[in-house]
Amino acid sequence: MPDPTIAAKEPAILDLEPGSYYWCACGDSKNQPFCDGAHQGTEFVPVELKIEQARKVALCLCKRTAKPPFCDGAHRKL
């Protein structure tokens with residue numbers, strides 16, 4: 001599988017309300033960190049994120065995290 005595009009070398013810190021979200025795994029979405037369908041025709045698949053109660057999250061934008069969709073600090077090594 002090819003490496004995903006690096007959208008940014010920092011996480012997206014967001015306050016999310018309960019619901020389902022789809023994290024962009026390819027890095028090409030214009031709606032980072034969320035999927036906009038830009039992965040179609042590639043091997044990449046968005047990751048579903050279910051939020052049960054409102055909370056702050058740090059979502060990976062470098063697309064190198066070992067814990068998708070959450071930032072694990074991998075961007076510091078790029």
Side-chain angles (χ1 to χ4, degrees):
M1 180 182 285
D3 286 336
T5 300
I6 296 170
K9 293 182 180 179
E10 61 187 18
I13 310 296
L14 303 170
D15 291 308
L16 295 181
E17 295 297 320
S20 290
Y21 300 86
Y22 290 87
W23 175 76
C24 169
C26 72
D28 292 327
S29 172
K30 301 295 183 214
N31 189 35
Q32 290 294 331
F34 304 111
C35 177
D36 69 359
H39 66 279
Q40 292 187 13
T42 72
E43 299 174 36
F44 295 101
V45 177
V47 175
E48 183 177 13
L49 171 61
K50 291 184 180 182
I51 300 293
E52 301 296 326
Q53 60 184 14
R55 66 182 179 126
K56 186 175 291 254
V57 296
L59 300 181
C60 177
L61 290 176
C62 76
K63 312 304 177 181
R64 302 304 191 270
T65 182
K67 300 177 181 181
F70 302 104
C71 176
D72 68 358
H75 61 274
R76 293 184 192 123
K77 298 176 186 173
L78 297 175

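As a basis for the values below, the full set of heavy atoms in this structure was taken, side chains included, without hydrogen atoms, waters or symmetry mates.
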Give, for atom [atom1] of [X] and atom [atom2] of [Y], the distance between the pair rounded to the nearest 0.5 Å.
{"X": "C24", "Y": "Q32", "atom1": "SG", "atom2": "CD", "answer": "4.0 Å"}
{"X": "K50", "Y": "S20", "atom1": "NZ", "atom2": "OG", "answer": "5.5 Å"}
{"X": "C26", "Y": "Q40", "atom1": "SG", "atom2": "CD", "answer": "10.0 Å"}
{"X": "D28", "Y": "T42", "atom1": "CG", "atom2": "OG1", "answer": "8.0 Å"}

Looking at every non-hydrogen atom in both residues, tell me the closest pair between K63 and P33 and how far apart they are. NZ-O, 4.2 Å

To check you understand the geometry: which heavy-atom pair defines the closest contact between L16 and V57, and what is its length? CD1-CG2, 3.6 Å

Could you tell me if the side chain of [Y] sits less than 4.5 Å from the side chain of [X], heavy atoms only?
{"X": "P18", "Y": "E52", "value": "no"}
{"X": "F44", "Y": "P2", "value": "yes"}
{"X": "T65", "Y": "C71", "value": "no"}
{"X": "R64", "Y": "P4", "value": "yes"}
{"X": "P11", "Y": "H75", "value": "yes"}
{"X": "E10", "Y": "C62", "value": "no"}
{"X": "F34", "Y": "Y21", "value": "yes"}

Would a distance-only check, ignoring hydrogens and angles, find a side-chain to backbone donor-acceptor pair under 3.5 Å from N31 to D36? no

Just by distance, do the side chain of W23 and the backbone of C60 share a donor-acceptor pair under 3.5 Å? yes

Begin with the C-alpha distance, continue with both residues' side-chain angles, and end with the deciding distance and a verdict on side chain to side chain contact (heavy atoms under 4.5 Å, CB included) for L59 and L49. CA-CA 10 Å; L59 300 181; L49 171 61; 4.0 Å; yes

K56 vs L14, side chain to side chain contact (heavy atoms under 4.5 Å, CB included): CA-CA, chis, key distance, verdict: CA-CA 6 Å; K56 186 175 291 254; L14 303 170; over 6 Å; no

